[in-house]
**Student:** 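First the structure, then my questions, so here it is.
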Amino acid sequence: MELGTFLVQCLNSVQYGLLLFLLASGLTLIFGIMGVINLAHGSFYMIGAYMAFSLAPVFGDSFLLMLVAGVVLAAALGYALEWAFFSYLYQRDHLQQVLMTYGLILVFEELRSILVGNDVHGVPLPGWLAGSFALGDVMSYPWYRVFASLACIVLAVAMYAVVNRTRLGMMIRAGASNRDMVRGLGIDIRKLYRIVFAAGVALAALAGMIAAPMSSVYPNMGASVLIICFVVVVIGGIGSITGALVASLLVGFVDTFGKVFFAELSGIGIYLLMAIILIWRPEGLMGKRA
């Protein structure tokens, strides 16, 4: 493999891993902290992609403003969904959680079909990110992918700061460990979980909005990322944001280079990675030992 090609694949691996982290971190918050198995998380990614398709003509080259608007709308949707549906699931068994969230997948898919149809759509790149830069004599790399990576890094740092350096993050971590104790200290755990769920939905939608200009927007696109998100959460350790970041980067490298060197076996690479890590550390890379 030529050096330029190798560098491009490394950049693609990092970019894919960081975008996967942005998506999986929302699932980590909901699954790891709230204890809800949310099969509809991929649908929030799809909603974000379709929001980018719908809002792009309105905002034009104001791409950052469009992302902010999409995040606000997604957070409002998440807040409403938690109040209307998910708040009733905390004391239910996992089967009921799976059934209800699977039902939401069907609802979102039907609403998508009614509102925007079943065609495949594309989202144009913003003009100020449409070019590329040289990477060697014959290779080039798109500026938009660099922007996507940097945006994910900024959000990862911000998420770490909120969870580990703020009062809200302290309450979230305490609620994940012992919700009854937090409730006994006078903290409204339901309101706290509502905020966490809204943040998880906003992160998934933001990942979809950032990914939309790099790929097509198509029906049922959330299903293709849902299983990979659960793989990342399990590899990183349930409830660990840092573990989700490390796992996402590992999955990004294994998947990208697997498609280059072992194309016929690339579909099982990330699952072999998960099996090896779980044999070594059953609780995940950053999970707590029993």
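Position 1 is the first residue of the sequence, and the numbers go up from there.
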**Student:** May I ask you to test the Tyr271-Ile227 pair for a side-chain heavy-atom distance under 4.5 Å?
**Tutor:** yes

**Student:** Any donor-acceptor pair under 3.5 Å linking the side chain of His41 with the backbone of Leu23?
**Tutor:** yes

**Student:** Judged by modelled atom types alone, do Thr101 and Asn38 share a side-chain donor-acceptor pair under 3.5 Å?
**Tutor:** no

**Student:** Mind listing the closest non-hydrogen atom pair of Tyr88 and Ala84 along with its distance?
**Tutor:** CE1-O, 3.4 Å

**Student:** Is a side-chain donor or acceptor of Glu82 paired with a backbone partner of Ile195 at a separation under 3.5 angstrom?
**Tutor:** no

**Student:** Within the side chain of Asp93, is there an N or O that forms a donor-acceptor pair under 3.5 Å with the backbone of Gln96?
**Tutor:** yes

**Student:** About how many Å separate CG of Leu273 and CG of Leu250, when rounded to the nearest 0.5 Å?
**Tutor:** 6.0 Å

**Student:** I'd like to know whether Met214 forms a side chain to side chain contact (heavy atoms under 4.5 Å, CB included) with Gln15, so could you lay out the CA-CA distance, the side-chain angles of the two residues, the decisive distance to 0.1 Å, and finally the verdict.
**Tutor:** CA-CA 11 Å; Met214 294 185 290; Gln15 181 268 311; 3.2 Å; yes

**Student:** Please examine the side chains of Glu110 and Ile114, heavy atoms only from C-beta on, and report whether any two atoms are closer than 4.5 Å.
**Tutor:** yes

**Student:** Apart from Leu95 itself, what residues make up its hydrophobic cluster, given side-chain heavy atom links below 4.5 Å?
**Tutor:** Leu99

**Student:** With rounding to the nearest 0.5 angstrom, report the CG to OG distance, Leu18 to Ser25.
**Tutor:** 11.0 Å

**Student:** Determine, using ring centers only, whether Phe86 and Tyr193 are less than 6.0 Å apart.
**Tutor:** no

**Student:** Quick one: does any side-chain atom of Arg112 pair with a main-chain N or O of Pro219 as donor and acceptor, under 3.5 Å?
**Tutor:** no

**Student:** Got more than 12 heavy atoms from elsewhere within 6.0 Å of OH, Tyr102?
**Tutor:** no

**Student:** Could you give the distance from CD1 (Ile105) to CZ (Phe44), rounded to the nearest 0.5 Å?
**Tutor:** 9.5 Å

**Student:** Honestly curious: do Val154 and Val162 fall in one hydrophobic cluster under the side-chain, below-4.5 Å linking rule?
**Tutor:** no

**Student:** Looking only at heavy atoms, what is the nearest atom pair of Gln9 and Thr256, with distance?
**Tutor:** OE1-CG2, 3.3 Å

**Student:** Is it possible for you to say whether Val98 and Ile238 belong to one hydrophobic cluster, with membership spreading through side-chain heavy-atom contacts below 4.5 Å?
**Tutor:** yes

**Student:** Please report the closest heavy-atom contact between Ala244 and Phe21, naming both atoms and the distance.
**Tutor:** C-CD1, 3.7 Å

**Student:** Just so I know, are the side chains of Tyr218 and Ser224 near enough to count as touching, which here means a heavy-atom distance under 4.5 Å?
**Tutor:** yes

**Student:** Closest approach of Ser248 and Ala24, non-hydrogen atoms and distance?
**Tutor:** OG-CB, 4.4 Å

**Student:** Test of understanding: clusters of I, L, V, M, F, W, Y form through side-chain heavy atoms closer than 4.5 Å, transitively. Do Ile47 and Leu115 belong to the same one?
**Tutor:** yes

**Student:** Kindly state whether the ring of Phe108 and the ring of Tyr50 have centres lying under 6.0 angstrom apart.
**Tutor:** no

**Student:** For the residue pair Ala198 and Ala75, what are the closest heavy atoms and their distance?
**Tutor:** CB-O, 3.4 Å

**Student:** Group every Ile, Leu, Val, Met, Phe, Trp and Tyr by side-chain heavy-atom contacts under 4.5 Å, then state whether Val72 and Phe59 land in the same group.
**Tutor:** no

**Student:** Distance from Met159 atom CE to Asn164 atom CG, nearest 0.5 Å?
**Tutor:** 11.5 Å

**Student:** Are the side chain of Tyr144 and the backbone N or O of Ile210 linked by a donor-acceptor pair below 3.5 Å?
**Tutor:** yes

**Student:** Begin from the C-alpha positions of Tyr79 and Val201 and carry the test side chain to side chain contact (heavy atoms under 4.5 Å, CB included) through to its verdict.
**Tutor:** CA-CA 9 Å; Tyr79 198 90; Val201 173; over 6 Å; no

**Student:** Determine whether Leu155 and Leu206 make a side-chain contact, defined as any pair of heavy atoms from C-beta on separated by less than 4.5 Å.
**Tutor:** yes

**Student:** So Leu64 and Phe147, do their side chains get closer than 4.5 Å, heavy atoms only?
**Tutor:** yes

**Student:** At what distance, to the nearest 0.5 angstrom, does CG of Leu245 lie from CE of Met286?
**Tutor:** 8.5 Å

**Student:** Would you indicate whether Leu111, at its atom CG, is surrounded by more than 12 heavy atoms from other residues, nucleotides or ligands within a distance under 6.0 Å?
**Tutor:** yes

**Student:** Are Tyr90 and Trp83 connected into the same hydrophobic cluster when the rule is that any two of I, L, V, M, F, W, Y join if their side-chain heavy atoms are below 4.5 Å apart?
**Tutor:** no

**Student:** Could you work out, with ring pair (Phe, Tyr, Trp, His ring centres under 6.0 Å) as the rule, every residue matching Trp143, not counting sequence neighbours?
**Tutor:** Phe133

**Student:** Do Asp255 and Ile228 come within less than 4.5 Å of each other through their side chains, counting heavy atoms only?
**Tutor:** no

**Student:** Taking the side chain as C-beta and beyond, is there a heavy-atom pair between Leu11 and Arg145 under 4.5 Å?
**Tutor:** no

**Student:** Are Ile37 and Phe31 packed together at the side-chain level, in the sense that at least one heavy-atom pair is separated by less than 4.5 angstrom?
**Tutor:** yes

**Student:** Test question: given the 4.5 Å side-chain rule for I, L, V, M, F, W and Y, name all other residues clustered with Tyr160, or answer none.
**Tutor:** none

**Student:** If you look at every heavy atom in Leu39 and Leu226, which pair is closest and at what distance?
**Tutor:** O-CD2, 3.2 Å

**Student:** Rounded to the nearest 0.5 Å, how far apart are OH of Tyr45 and CE of Met221?
**Tutor:** 4.5 Å

